[in-house]
S.K.: 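A single structure is presented below for examination.
By convention here, the first residue in the shown sequence is residue 1.
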Amino acid sequence: MTGVAMGSAATATTRHRGAGRPWWLVERHLLVYRRSWSVFVADVTEPLLYLIAIGLGIGSLVGEVAGTGVPYARYLAPALLATSAMNSAMNEASQRVFMRIKLEKTYQTMITTPMTVRDIQFGEVSWAVLRGLATTAGFLVAATAMGLVRSPFALLAIPAAALVGFAFAACGLLVATLLRSWYDYLYLQLFMLPMFLFATTFFPLDRFPDAVRPVVQALPLYHAVTLLRQVCLGRIDQHAALSAGYLLLLGLAACALAAGRWRRMLQS
(Lines give C-alpha, C1' and ligand atoms only; values in the text may rest on other atoms or scores of the structure.)
Protein backbone atom coordinates (compact mmCIF):
# COMPACT_ATOMS: atom_id res chain seq x y z
CA MET A 1 0.00 0.00 0.00
CA THR A 2 2.82 2.38 0.90
CA GLY A 3 4.52 1.69 -2.42
CA VAL A 4 1.30 2.35 -4.31
CA ALA A 5 0.79 5.61 -2.44
CA MET A 6 4.36 6.69 -3.13
CA GLY A 7 3.96 5.79 -6.78
CA SER A 8 0.74 7.77 -7.03
CA ALA A 9 2.38 10.75 -5.35
CA ALA A 10 5.34 10.56 -7.71
CA THR A 11 3.01 10.39 -10.71
CA ALA A 12 1.04 13.38 -9.46
CA THR A 13 4.25 15.33 -8.90
CA THR A 14 5.47 14.47 -12.39
CA ARG A 15 2.19 15.59 -13.92
CA HIS A 16 2.29 18.81 -11.92
CA ARG A 17 5.79 19.57 -13.10
CA GLY A 18 4.84 18.66 -16.66
CA ALA A 19 1.86 20.99 -16.53
CA GLY A 20 4.19 23.85 -15.61
CA ARG A 21 6.78 23.28 -18.33
CA PRO A 22 5.27 25.74 -20.85
CA TRP A 23 5.74 28.48 -18.28
CA TRP A 24 9.47 27.81 -18.32
CA LEU A 25 9.43 29.21 -21.83
CA VAL A 26 7.35 32.20 -20.73
CA GLU A 27 9.86 32.84 -17.93
CA ARG A 28 12.70 32.60 -20.42
CA HIS A 29 11.11 35.25 -22.63
CA LEU A 30 10.46 37.51 -19.64
CA LEU A 31 14.16 37.37 -18.75
CA VAL A 32 15.16 38.11 -22.34
CA TYR A 33 12.74 41.02 -22.75
CA ARG A 34 13.24 42.67 -19.37
CA ARG A 35 15.93 44.87 -20.90
CA SER A 36 13.89 45.47 -24.06
CA TRP A 37 11.01 47.45 -22.58
CA SER A 38 11.25 49.87 -25.52
CA VAL A 39 9.61 47.16 -27.68
CA PHE A 40 6.45 47.41 -25.58
CA VAL A 41 6.51 51.21 -25.75
CA ALA A 42 6.70 51.03 -29.55
CA ASP A 43 3.78 48.57 -29.65
CA VAL A 44 1.61 51.03 -27.70
CA THR A 45 2.84 54.16 -29.49
CA GLU A 46 1.89 53.05 -33.02
CA PRO A 47 -1.88 52.65 -32.43
CA LEU A 48 -1.88 55.82 -30.32
CA LEU A 49 -0.44 57.77 -33.25
CA TYR A 50 -3.23 56.41 -35.48
CA LEU A 51 -5.77 57.37 -32.83
CA ILE A 52 -4.46 60.91 -32.50
CA ALA A 53 -3.91 61.56 -36.20
CA ILE A 54 -7.05 59.89 -37.57
CA GLY A 55 -9.39 59.59 -34.60
CA LEU A 56 -8.91 63.08 -33.21
CA GLY A 57 -7.62 64.83 -36.33
CA ILE A 58 -9.87 63.52 -39.09
CA GLY A 59 -12.52 62.73 -36.49
CA SER A 60 -12.96 66.43 -35.81
CA LEU A 61 -14.08 66.78 -39.45
CA VAL A 62 -16.25 63.66 -39.46
CA GLY A 63 -18.16 64.21 -36.23
CA GLU A 64 -20.39 61.27 -35.30
CA VAL A 65 -20.38 58.00 -37.23
CA ALA A 66 -23.64 57.75 -39.16
CA GLY A 67 -26.16 55.42 -37.59
CA THR A 68 -24.26 54.99 -34.32
CA GLY A 69 -24.43 58.35 -32.56
CA VAL A 70 -20.79 57.80 -31.50
CA PRO A 71 -18.02 60.37 -32.11
CA TYR A 72 -15.51 59.07 -34.62
CA ALA A 73 -12.60 58.95 -32.16
CA ARG A 74 -14.61 56.77 -29.74
CA TYR A 75 -15.64 54.56 -32.66
CA LEU A 76 -12.04 54.14 -33.83
CA ALA A 77 -10.37 53.52 -30.44
CA PRO A 78 -11.73 49.96 -29.86
CA ALA A 79 -10.77 48.95 -33.41
CA LEU A 80 -7.21 50.09 -32.84
CA LEU A 81 -7.26 48.22 -29.54
CA ALA A 82 -8.17 45.03 -31.41
CA THR A 83 -5.51 45.73 -34.03
CA SER A 84 -2.93 46.26 -31.30
CA ALA A 85 -3.74 42.87 -29.75
CA MET A 86 -3.57 41.25 -33.20
CA ASN A 87 -0.24 42.76 -34.22
CA SER A 88 1.54 42.09 -30.93
CA ALA A 89 0.46 38.44 -30.78
CA MET A 90 0.89 37.75 -34.50
CA ASN A 91 4.34 39.32 -34.77
CA GLU A 92 5.59 37.51 -31.67
CA ALA A 93 4.24 34.12 -32.75
CA SER A 94 5.31 34.34 -36.39
CA GLN A 95 8.31 36.58 -36.98
CA ARG A 96 10.12 36.00 -33.69
CA VAL A 97 9.26 32.31 -33.56
CA PHE A 98 10.62 31.92 -37.09
CA MET A 99 13.84 33.55 -35.91
CA ARG A 100 14.08 31.08 -33.01
CA ILE A 101 13.51 28.18 -35.40
CA LYS A 102 15.85 29.12 -38.26
CA LEU A 103 18.55 31.33 -36.75
CA GLU A 104 18.83 30.74 -33.03
CA LYS A 105 17.85 27.03 -33.08
CA THR A 106 16.25 27.63 -29.70
CA TYR A 107 13.61 24.91 -29.88
CA GLN A 108 15.98 22.25 -31.17
CA THR A 109 17.88 22.68 -27.91
CA MET A 110 14.74 22.77 -25.78
CA ILE A 111 13.44 19.39 -26.92
CA THR A 112 16.59 17.76 -25.54
CA THR A 113 15.27 18.74 -22.10
CA PRO A 114 12.04 17.43 -20.46
CA MET A 115 10.12 19.98 -22.53
CA THR A 116 7.99 18.53 -25.32
CA VAL A 117 6.91 20.04 -28.63
CA ARG A 118 3.47 20.58 -27.12
CA ASP A 119 5.03 22.43 -24.16
CA ILE A 120 6.86 24.73 -26.55
CA GLN A 121 3.76 25.40 -28.60
CA PHE A 122 1.63 26.16 -25.54
CA GLY A 123 4.39 28.31 -24.05
CA GLU A 124 4.75 30.40 -27.19
CA VAL A 125 0.98 30.95 -27.45
CA SER A 126 0.86 31.95 -23.78
CA TRP A 127 3.74 34.38 -24.21
CA ALA A 128 2.21 35.94 -27.33
CA VAL A 129 -1.09 36.42 -25.49
CA LEU A 130 0.76 38.12 -22.61
CA ARG A 131 2.55 40.38 -25.12
CA GLY A 132 -0.78 41.31 -26.63
CA LEU A 133 -2.33 41.97 -23.21
CA ALA A 134 0.55 44.22 -22.18
CA THR A 135 0.13 46.29 -25.32
CA THR A 136 -3.66 46.50 -25.17
CA ALA A 137 -3.65 47.36 -21.46
CA GLY A 138 -1.32 50.28 -22.13
CA PHE A 139 -3.44 51.48 -25.04
CA LEU A 140 -6.67 51.05 -23.07
CA VAL A 141 -5.33 53.17 -20.21
CA ALA A 142 -4.27 55.90 -22.66
CA ALA A 143 -7.61 55.87 -24.51
CA THR A 144 -9.52 56.01 -21.21
CA ALA A 145 -7.41 58.94 -20.05
CA MET A 146 -8.33 60.71 -23.30
CA GLY A 147 -12.02 60.18 -22.53
CA LEU A 148 -12.57 57.80 -25.44
CA VAL A 149 -13.55 54.76 -23.36
CA ARG A 150 -16.38 55.42 -20.91
CA SER A 151 -18.49 52.29 -20.56
CA PRO A 152 -17.95 50.10 -17.44
CA PHE A 153 -18.16 47.13 -19.82
CA ALA A 154 -14.73 48.22 -21.05
CA LEU A 155 -13.29 46.08 -18.24
CA LEU A 156 -14.25 43.12 -20.43
CA ALA A 157 -11.82 44.44 -23.04
CA ILE A 158 -8.96 42.68 -21.25
CA PRO A 159 -10.34 39.10 -21.55
CA ALA A 160 -11.64 39.99 -25.03
CA ALA A 161 -8.15 41.12 -26.05
CA ALA A 162 -6.74 37.88 -24.61
CA LEU A 163 -9.08 35.93 -26.88
CA VAL A 164 -8.00 38.01 -29.87
CA GLY A 165 -4.37 37.42 -28.93
CA PHE A 166 -4.95 33.67 -28.63
CA ALA A 167 -6.55 33.43 -32.07
CA PHE A 168 -3.79 35.36 -33.83
CA ALA A 169 -0.98 33.79 -31.81
CA ALA A 170 -2.18 30.34 -32.86
CA CYS A 171 -2.32 31.50 -36.47
CA GLY A 172 1.17 32.96 -36.09
CA LEU A 173 2.57 29.62 -34.91
CA LEU A 174 1.10 27.95 -37.97
CA VAL A 175 2.46 30.63 -40.29
CA ALA A 176 5.93 30.32 -38.73
CA THR A 177 6.11 26.69 -39.90
CA LEU A 178 5.24 27.73 -43.46
CA LEU A 179 7.85 30.48 -43.84
CA ARG A 180 10.92 29.45 -45.78
CA SER A 181 12.86 32.73 -45.50
CA TRP A 182 12.41 36.31 -44.34
CA TYR A 183 11.13 37.18 -47.81
CA ASP A 184 8.09 34.99 -47.24
CA TYR A 185 7.13 37.25 -44.36
CA LEU A 186 6.25 39.88 -46.96
CA TYR A 187 3.43 37.65 -48.21
CA LEU A 188 1.96 37.68 -44.73
CA GLN A 189 2.04 41.47 -44.73
CA LEU A 190 0.18 41.46 -48.06
CA PHE A 191 -2.70 39.88 -46.16
CA MET A 192 -2.36 41.72 -42.83
CA LEU A 193 -2.28 45.27 -44.22
CA PRO A 194 -5.45 45.06 -46.37
CA MET A 195 -7.22 43.33 -43.50
CA PHE A 196 -6.24 46.20 -41.20
CA LEU A 197 -7.58 48.75 -43.65
CA PHE A 198 -10.85 47.05 -44.59
CA ALA A 199 -11.98 44.99 -41.56
CA THR A 200 -14.29 47.86 -40.45
CA THR A 201 -11.38 49.39 -38.56
CA PHE A 202 -12.05 52.87 -39.92
CA PHE A 203 -15.65 52.73 -41.14
CA PRO A 204 -18.78 50.60 -40.64
CA LEU A 205 -19.68 47.49 -42.56
CA ASP A 206 -22.62 49.20 -44.32
CA ARG A 207 -20.15 51.39 -46.24
CA PHE A 208 -19.17 48.34 -48.31
CA PRO A 209 -21.13 47.09 -51.34
CA ASP A 210 -23.46 44.19 -50.55
CA ALA A 211 -21.33 41.75 -52.55
CA VAL A 212 -18.19 42.59 -50.55
CA ARG A 213 -19.67 42.38 -47.05
CA PRO A 214 -19.49 38.57 -46.71
CA VAL A 215 -15.77 38.73 -47.55
CA VAL A 216 -15.21 41.38 -44.88
CA GLN A 217 -17.21 39.39 -42.34
CA ALA A 218 -15.00 36.36 -42.96
CA LEU A 219 -11.86 38.25 -41.89
CA PRO A 220 -10.52 37.42 -38.41
CA LEU A 221 -9.83 41.06 -37.63
CA TYR A 222 -13.46 41.96 -38.40
CA HIS A 223 -14.56 39.73 -35.52
CA ALA A 224 -11.84 41.09 -33.25
CA VAL A 225 -12.96 44.66 -34.01
CA THR A 226 -16.63 43.77 -33.55
CA LEU A 227 -15.99 42.18 -30.16
CA LEU A 228 -13.80 44.98 -28.80
CA ARG A 229 -16.00 47.72 -30.22
CA GLN A 230 -19.16 46.34 -28.63
CA VAL A 231 -17.43 45.82 -25.30
CA CYS A 232 -15.84 49.28 -25.18
CA LEU A 233 -19.00 51.08 -26.31
CA GLY A 234 -21.21 49.07 -23.95
CA ARG A 235 -23.46 47.90 -26.78
CA ILE A 236 -23.16 44.15 -26.46
CA ASP A 237 -25.48 41.92 -28.51
CA GLN A 238 -25.42 38.52 -30.19
CA HIS A 239 -22.74 39.67 -32.63
CA ALA A 240 -20.23 39.84 -29.78
CA ALA A 241 -20.94 36.21 -28.86
CA LEU A 242 -20.65 35.13 -32.50
CA SER A 243 -17.35 36.96 -32.89
CA ALA A 244 -15.99 35.45 -29.66
CA GLY A 245 -16.96 31.97 -30.88
CA TYR A 246 -15.33 32.60 -34.27
CA LEU A 247 -12.05 33.68 -32.65
CA LEU A 248 -12.03 30.74 -30.23
CA LEU A 249 -12.63 28.21 -33.01
CA LEU A 250 -10.01 29.89 -35.21
CA GLY A 251 -7.42 29.65 -32.45
CA LEU A 252 -8.19 26.01 -31.66
CA ALA A 253 -8.14 25.03 -35.33
CA ALA A 254 -4.82 26.82 -35.93
CA CYS A 255 -3.29 25.14 -32.85
CA ALA A 256 -4.41 21.73 -34.11
CA LEU A 257 -3.00 22.33 -37.60
CA ALA A 258 0.26 23.73 -36.25
CA ALA A 259 0.82 20.85 -33.80
CA GLY A 260 1.57 18.26 -36.47
CA ARG A 261 3.85 20.57 -38.41
CA TRP A 262 5.79 21.48 -35.25
CA ARG A 263 6.32 17.80 -34.37
CA ARG A 264 7.58 16.97 -37.84
CA MET A 265 9.80 20.06 -37.92
CA LEU A 266 11.48 19.61 -34.52
CA GLN A 267 11.63 15.84 -34.34
CA SER A 268 12.89 15.21 -37.86
S.K.: Filter on salt bridge (Lys or Arg N to Asp or Glu O under 4.0 Å), then keep only pairs touching residues 228-246, sequence neighbours left out; what's left?
M.R.: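 Residue pairs with at least one partner in residues 228-246: there are none.
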
S.K.: Applying the side-chain contact (heavy atoms from CB on, under 4.5 Å) criterion to Cys232, which one of Leu148, Leu156, Leu81 satisfies it?
M.R.: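 Exactly one pass, corresponding to Leu81.
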
S.K.: When you compare the side chain of Phe139 with that of Leu51, does any pair of heavy atoms fall below 4.5 Å?
M.R.: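 Answer yes - side chains close enough.
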
S.K.: Report the relative orientation of the aromatic rings in Phe198 and Phe208; use parallel for angles under 30°, tilted for 30 to 60°, perpendicular for over 60°.
M.R.: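 Perpendicular: the ring planes of Phe198 and Phe208 meet at over 60°.
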
S.K.: Shortest non-hydrogen contact from Val44 to Gly138?
M.R.: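 In this case the closest contact between Val44 and Gly138 is CG1-C, 4.1 Å.
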
S.K.: Decide yes or no on ring-ring contact (aromatic ring centres under 6.0 Å, His included) for Phe202 and Tyr72, but give the supporting numbers first.
M.R.: CA-CA 9 Å; Phe202 298 101; Tyr72 186 71; 7.7 Å; no

S.K.: Does any part of the side chain of Leu178, heavy atoms only, come nearer than 4.5 Å to the side chain of Arg261, both counted from C-beta?
M.R.: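 When only atoms from C-beta onward are counted, Leu178 and Arg261 do touch, with a gap below 4.5 Å.
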
S.K.: Work out which heavy atom in Met146 is nearest to a heavy atom in Ile52; give both atom names and the distance.
M.R.: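 Nearest pair, atom of Met146 first, then Ile52: CE-CG1, 4.3 Å.
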
S.K.: Got Val70 and Glu64 here, is their nearest side-chain heavy-atom distance under 4.5 Å?
M.R.: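 Counting from C-beta outward, Val70 and Glu64 never come under 4.5 Å.
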
S.K.: Just wondering, do Thr201 and Met195 contact through their side chains at under 4.5 Å, heavy atoms?
M.R.: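 Not touching, per the 4.5 Å side-chain cut-off.
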
S.K.: Hey, any chance Tyr187 and Leu197 share a hydrophobic cluster, counting ILVMFWY side chains that come within less than 4.5 Å of each other, even indirectly?
M.R.: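 Cluster IDs for Tyr187 and Leu197 differ.
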
S.K.: If I compare all heavy atoms of Ala85 with all of Thr136, which pair ends up nearest, and what's the gap?
M.R.: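 For Ala85 and Thr136, the tightest heavy-atom pair comes out as CB-CG2, 3.4 Å.
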
S.K.: Verify the neighbour count for atom OH of Tyr107: are there more than 12 heavy atoms of other residues, nucleotides or ligands below 6.0 Å?
M.R.: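 More than 12 within 6.0 Å, yes.
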
S.K.: Is it the case that more than 12 heavy atoms not belonging to Phe153 sit under 6.0 Å from its CZ atom?
M.R.: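 Not more than 12 within 6.0 Å, no.
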
S.K.: Do Tyr50 and Phe196 make a side-chain contact, defined as non-hydrogen atoms from C-beta onward lying under 4.5 Å apart?
M.R.: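 Touching, per the 4.5 Å side-chain cut-off.
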
S.K.: Under the salt bridge (charged side-chain N to carboxylate O under 4.0 Å, His left out) rule, what do Arg118 and Glu124 come out as? Steps first, then yes or no, please.
M.R.: CA-CA 10 Å; Arg118 184 177 180 181; Glu124 286 294 357; over 6 Å; no

S.K.: Between Met86 and Met192, is there a side-chain heavy-atom distance shorter than 4.5 Å?
M.R.: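 The answer is yes; the side chains approach within 4.5 Å.
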
S.K.: Any side-chain heavy atom of Thr116 sitting closer than 4.5 Å to one from Ile111?
M.R.: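 Heavy-atom side-chain distance check fails, nothing below 4.5 Å.
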
